[in-house]
2 protein chains.
Amino acid sequence: MTIKQLEAFFWAAKLGSFSLAAARLCVTQSSLSKRIAELEADLGKPLFDRAGQRAVITDAGVRLLEHAGRMLELESLIRSDLDTQGTLRGSCRFGISELVASTWFPAFVARVRREHPDLVLEPHVELTSKLERMLERGELDFAIVPGPSASPNLSHEKVGELEYRWMASPERLPAGTVLTPAHFSEHPMITLSADARLSREVERWRAHVGVAIPHALVCNSLAALITLVMAGVGISTFPTAYVAPFLASGRLVALVSDPPPYNLNYCFHWRTDDPRAVVRVLREIVRAEANFLMPSPLWPAAT
Amino acid sequence: MTIKQLEAFFWAAKLGSFSLAAARLCVTQSSLSKRIAELEADLGKPLFDRAGQRAVITDAGVRLLEHAGRMLELESLIRSDLDTQGTLRGSCRFGISELVASTWFPAFVARVRREHPDLVLEPHVELTSKLERMLERGELDFAIVPGPSASPNLSHEKVGELEYRWMASPERLPAGTVLTPAHFSEHPMITLSADARLSREVERWRAHVGVAIPHALVCNSLAALITLVMAGVGISTFPTAYVAPFLASGRLVALVSDPPPYNLNYCFHWRTDDPRAVVRVLREIVRAEANFLMPSPLWPAAT
DNA sequence: TGGCTTTACGGTTTTCGTAATCATT
DNA sequence: AATGATTACGAAAACCGTAAAGCCA
């Protein structure tokens, strides 16, 4: 019995698939299959029932699962306890939204590199729904996206809240305009792709207010969205703090609506069944470091 | 990090010596040394300080030790939980006294073989003090000898008590003779080797009574001792239950002394720091199976 | 010198990935 | 067909034991 075997078994069981487990552990299916076969040979009991296409866990497997989890947790604990003063090693895959990527993310990376120089970060910038799917499939260790998520396998912890307001270019509407249903017919709305959390919130707001909003343009890049709005193509909702430089320079103006659009709660999402210390430690860093109330450091303050 | 590495480290730390740990794990010193070196390389911290002749554990090693113990315990738990319905595997080295070996030991072996067919038993029949030393050095997993032991590293649990009486052959002394100091000058005493627990008890009794007892003959075999006493060579102390057939057939007679010699408490001794399930499980079997109140099954009842 | 540990080296075993095969949907 | 898991096999790496060398009492 080796730790690698138990790890292979654990993730195969948790993810319900040998191939997903293999991907998560960065080995081939073949290798993972053999690790589990060897564990079964060692214990003398089958851990999976290979009757169907998907391997389904046996009773013995269920009994082992809990122990295996504690074993991995313990290994993780050993490393975080000893390993160069609690320094993390290995690699960590995680997902962030574009907004997160362009706000506090550099500070997060800097801090992680300082405190855990041997940890390789592998960020994925995608829309919320895709990141949730990847997390479900075990392809990510955690994700920071607007939440909460509905999945029963995922836990979440709020790390920040952003206030959204309708905005437009000053050529299109004067600052402080009180929006009426008529405005929405007149001014095309620009949103993120339909599977972004942001778009879902816009839709909820629309339904609540009862106006019909024609989707003039859909884009999967928040930066592109802001550019389009500043170019006068249409209206959209942005976090006020995020676009503060543009509001200050007058390239964007905030509009007034009743009710105001919505606030998004950014959450740290992780697999509830993930026993590794890296998830816990990075969650604490995110919690301490979370600061969404800043514009992108890429933007010149005076622009 | 592998379980084997942690196991090597654990026993090296507990036994305070690489060579003893290597012997216990049935590998060469070289191999054990490398396992620990690899673990140190993996964790990035030295676990032992090799300045002196003996490797002495570092602070990091002390921190790891507890975790490693829990890891081995967990591995053991997994095996006992899954492995063919709680069946033990591997091998188990233990020590017993000659008396134990010739009384309930066959029943113990039968039961272990029935309940744990894959467990290889390696009994060592030696005198108490040698078995205690072997247990100290980690060369045994447990020992069943008269106790308790004084070592702080060993735990013990009483599993049986035997009543000893002075005995002789009927040719030498009539049954029921009340022993006086004069008898001890007259009749040579035959005892086990000086490092047997039994001999120590005899010595304590002698000091208490205040008689001088010349050691006529020392032997390291209880069976030989009985033979010698029956042959009329001298007197000795035996458990009454053990030699019941000889008392019944009149080949031995019990003598009376004030105070009576002593009772020996047979105990199951094990290393307090041994986290393996095999020790716990076998202890329970011994507790259930312990029956010293029987003569050796090797002796014809009518002899 | 003698006990204890590490290093060097070879031979065996294990492990891994590619690719092919088998089975199920 | 497409997906998911196992088997075959060659290459690379790990592991173990023997033997030699260091190192402190």
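We name chains A, B, ... by the order of the sequence lines, and we start the count at 1 in each one.
Both B:V27 and A:E40 sit near DNA chain D, but only A:E40 has its closest nucleotide nearer the 5' end. Of the residues near DNA chain C, A:Q29 and A:T2, the one whose nearest nucleotide (by heavy atom distance) lies more toward the 5' end is A:T2. Residue-to-nucleotide proximity on DNA chain C shows that, of A:K34 and B:A37, the 5′-proximal contact is made by B:A37.
There is no side-chain donor-acceptor pair under 3.5 Å between A:T2 and B:T2. Defined by atom type and a distance below 3.5 Å, a donor-acceptor pair is missing between the side-chain atoms of B:S149 and B:S151.
Here the P atom of nucleotide D:dT3 and the CG atom of A:L20 are 13 Å apart, to the nearest Å. For A:F18 and C:dG17, the CZ to P distance is 16 Å, given to the nearest whole Å. Computed from coordinates, the A:K4 NZ to C:dG17 C1' distance equals 13 Å when rounded to whole Å. To the nearest angstrom, P of C:dC4 lies 15 Å from CD1 of B:I36. Taking atom CZ on B:R35 and atom P on D:dA14, their separation rounds to 15 Å, with Å as the unit. Atom CD1 in B:I3 sits roughly 16 Å away from atom C1' in D:dC15 (whole-Å rounding). Rounding to whole angstrom units, CG of residue A:L25 and P of C:dC16 are separated by 11 Å. For the pair B:M1 CE and D:dA14 C1', the interatomic distance rounds to 18 Å; values are reported in whole Å.
Note: A:F108 and A:F94 have perpendicular aromatic rings, judged against thresholds of 30 and 60 degrees for the angle between ring planes.
When the nucleotides D:dT6, D:dG17, C:dC16 are ranked by their closest atom to the side chain of A:S33, D:dT6 comes out on top. With distances taken from any side-chain atom of A:R50 to the nucleotides C:dT6, D:dT6, D:dA25, the minimum falls on D:dT6. For B:R54, the listed nucleotide lying nearest its side chain is C:dC4; candidates were C:dT24, D:dT18, C:dC4.
Counting atom types as modelled, B:S30 pairs no side-chain N or O with a base atom of C:dT6 as donor and acceptor under 3.5 Å. The base of D:dT3 sits with one of its N or O atoms less than 3.5 Å from a complementary donor or acceptor on the side chain of A:Q53.
Between B:S19 and C:dG3 there is no side-chain polar atom (N or O) within less than 4.0 angstrom of OP1 or OP2.
When each of A:R276, A:R283, A:R271 is paired with A:D141, the salt bridge (Lys or Arg N to Asp or Glu O under 4.0 Å) condition holds for A:R276 and for no other.
At the heavy-atom level, A:E38 lies under 4.0 Å from the strands shown only through sugar-phosphate atoms. Across all strands shown, B:T28 has heavy atoms under 4.0 Å from base atoms, whether or not it also approaches the sugar-phosphate.
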Original post:
Run the side chain to side chain contact (heavy atoms under 4.5 Å, CB included) check on B:L15 and B:R137 step by step: do they pass?
Top reply: CA-CA 6 Å; B:L15 299 175; B:R137 294 164 56 89; 6.0 Å; no
